[in-house]
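Here the structure is a predicted model, which is why all the values come from computation and not from measurement.
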Amino acid sequence: MKSKMFRALLILSIVFTTVSCSSDSSEEVSTQEAVEVNYAYNQTESRIVELINNHRESIGLNPLEVINYISIKSEGHNEYMIEKQSISHDGFQQRSQNIIQVLGAEKVAENVAYNYATAESVVAAWKNSPGHRANIEGDFTHFGISVSVDEATGKKYYTNIFMKEK
């Protein structure tokens with residue numbers, strides 16, 4: 001619980017800093033600064049990173065670099081879905097715009113899932129879905145992942161956000 005509160009406060013401080021201290025010209029936080037945001041990856045998240053990058057490399061694509069800032073955005077969406085008890089892409093436009101502004105992304109995409117027991121099963125489901133597979137195999141350079149468990153039901157929620165750096 002303290003970890004979630006710390007992450008929320010960290011995100012707010014980043015947003016406050018980028019909004020409150022800027023001049024009329026738009027100043028971006030560098031990708032390096034955003035990469036330095038802390039996020040503790042659990043075993044399932046780390047395995048998903050490995051599975052997606054192994055798949056990309058097996059078909060001749062570049063592996064994606066993980067950005068903690070994107071994983072924090074992914075975690076926030078998981079928390080929203082758990083609160084609503086519904087899987088969705090609600091708020092994607094706002095998440096996407098934030099990533100574009102903060103990280104200088106050229107484009108952003110998102111995969112979500114619910115109630116898969118393992119990293120292997122969720123990645124297999126995404127690869128078997130044309131839209132999700134297109135994101136996994138898309139022209140992206142970075143991504144973030146979060147897997148959150150609904151304490152009340154024990155079910156897992158997954159959000160995987162992809163971005164292409166300019």
Side-chain angles (χ1 to χ4, degrees), residues 3-42 45-46 48-53 55-57 59-84 86-114 122-123 126-127 129-148 157-166:
S3 173
K4 288 183 182 180
M5 186 175 244
F6 174 76
R7 288 185 190 142
L9 290 172
L10 184 59
I11 290 172
L12 287 173
S13 68
I14 290 171
V15 170
F16 180 77
T17 301
T18 60
V19 173
S20 67
C21 296
S22 62
S23 63
D24 290 341
S25 66
S26 156
E27 295 178 334
E28 292 182 357
V29 173
S30 74
T31 301
Q32 184 60 35
E33 289 172 317
V35 170
E36 293 174 7
V37 174
N38 290 325
Y39 184 88
Y41 292 90
N42 64 40
E45 293 162 341
S46 295
I48 290 170
V49 168
E50 179 182 21
L51 291 168
I52 288 174
N53 276 335
H55 173 73
R56 287 179 61 85
E57 290 178 301
I59 59 172
L61 298 173
N62 61 298
L64 303 176
E65 182 181 335
V66 176
I67 293 184
N68 295 343
Y69 185 82
I70 299 173
S71 296
I72 289 171
K73 289 295 184 186
S74 298
E75 181 180 55
H77 185 57
N78 284 346
E79 290 169 1
Y80 169 84
M81 292 190 296
I82 290 169
E83 179 183 318
K84 295 293 183 187
S86 175
I87 186 167
S88 73
H89 291 284
D90 291 355
F92 173 70
Q93 191 64 31
Q94 290 86 354
R95 283 187 298 287
S96 175
Q97 283 303 311
N98 178 268
I99 290 168
I100 289 167
Q101 288 179 328
V102 172
L103 300 177
E106 180 178 313
K107 68 178 181 174
V108 179
E110 173 178 85
N111 287 349
V112 296
Y114 161 76
V122 74
V123 171
W126 282 336
K127 287 177 9 185
S129 163
H132 294 101
R133 183 183 193 100
N135 289 339
I136 289 172
E137 296 177 355
D139 182 22
F140 296 106
T141 55
H142 298 81
F143 69 152
I145 181 70
S146 178
V147 180
S148 302
Y157 287 76
Y158 300 79
T159 300
N160 187 197
I161 300 175
F162 302 85
M163 77 165 238
K164 179 177 183 176
E165 193 171 49
K166 287 184 184 177

Look up atom NE2 in His142 and atom CG in Leu103, then write down how far apart they are to the nearest 0.5 Å.
8.5 Å
Enter the distance from Lys107:NZ to Ile100:CD1 here, rounded to the nearest 0.5 Å.
11.5 Å
Which atom pair, heavy atoms only, marks the closest approach of Lys166 to Ala105?
CE-O, 3.5 Å
Are any side-chain N or O atoms of Ser86 and backbone N or O atoms of Met81, one a donor and one an acceptor, separated by less than 3.5 Å?
no
Taking atom CZ of Phe140 and atom CG of Leu64, what is their separation to the nearest 0.5 Å?
8.5 Å
Taking atom CG of Asn160 and atom NE2 of His132, what is their separation to the nearest 0.5 Å?
9.5 Å
Spell out, as yes or no, whether a donor-acceptor pair under 3.5 Å connects the side chain of Asn78 to the backbone of Tyr157.
yes
Do any N or O atoms from the side chain of Glu45 and from the backbone of Val147 form a donor-acceptor pair under 3.5 angstrom?
yes
Determine whether Pro63 and Glu57 make a side-chain contact, defined as any pair of heavy atoms from C-beta on separated by less than 4.5 Å.
yes
In terms of side-chain heavy atoms, does Asn111 have a donor or acceptor partner in Tyr158 at a distance below 3.5 Å?
no
Ser88 side chain to Tyr80 side chain, donor-acceptor N/O pair below 3.5 angstrom
no
What pair of heavy atoms forms the shortest contact from Val122 to Ala113, and how long is it?
CG2-CB, 3.4 Å
How long is the straight-line distance from OG of Ser71 back to CG of Asn38, given to the nearest 0.5 Å?
12.0 Å
Using every non-hydrogen atom in the two residues, find where Ser146 and Tyr39 come nearest and quote the distance to one decimal.
OG-OH, 3.1 Å
Heavy-atom donor-acceptor pair, Trp126 side chain to Val112 backbone, under 3.5 Å:
yes
Take Ile145 and Val66 through the side-chain contact (heavy atoms from CB on, under 4.5 Å) test and state the conclusion after the steps.
CA-CA 8 Å; Ile145 181 70; Val66 176; 5.6 Å; no
In a check of side chain to side chain contact (heavy atoms under 4.5 Å, CB included) between Phe143 and each of Ile70, Ile52, Ile67, Ile161, which one passes?
Ile52
Does Thr141 reach the main-chain N or O of Glu165 with its side chain, forming a donor-acceptor pair under 3.5 Å?
yes
For the side chain of Gln101 and the backbone of Asn98, is there at least one donor-acceptor N/O pair under 3.5 Å apart?
no
If you measure from CD on Glu110 to CZ on Arg95, what distance do you get to the nearest 0.5 Å?
4.0 Å
Sorted by chain and number, sequence neighbours left out, side chain to side chain contact (heavy atoms under 4.5 Å, CB included) with Lys127 holds for His55, Val123, Arg133, Ile136
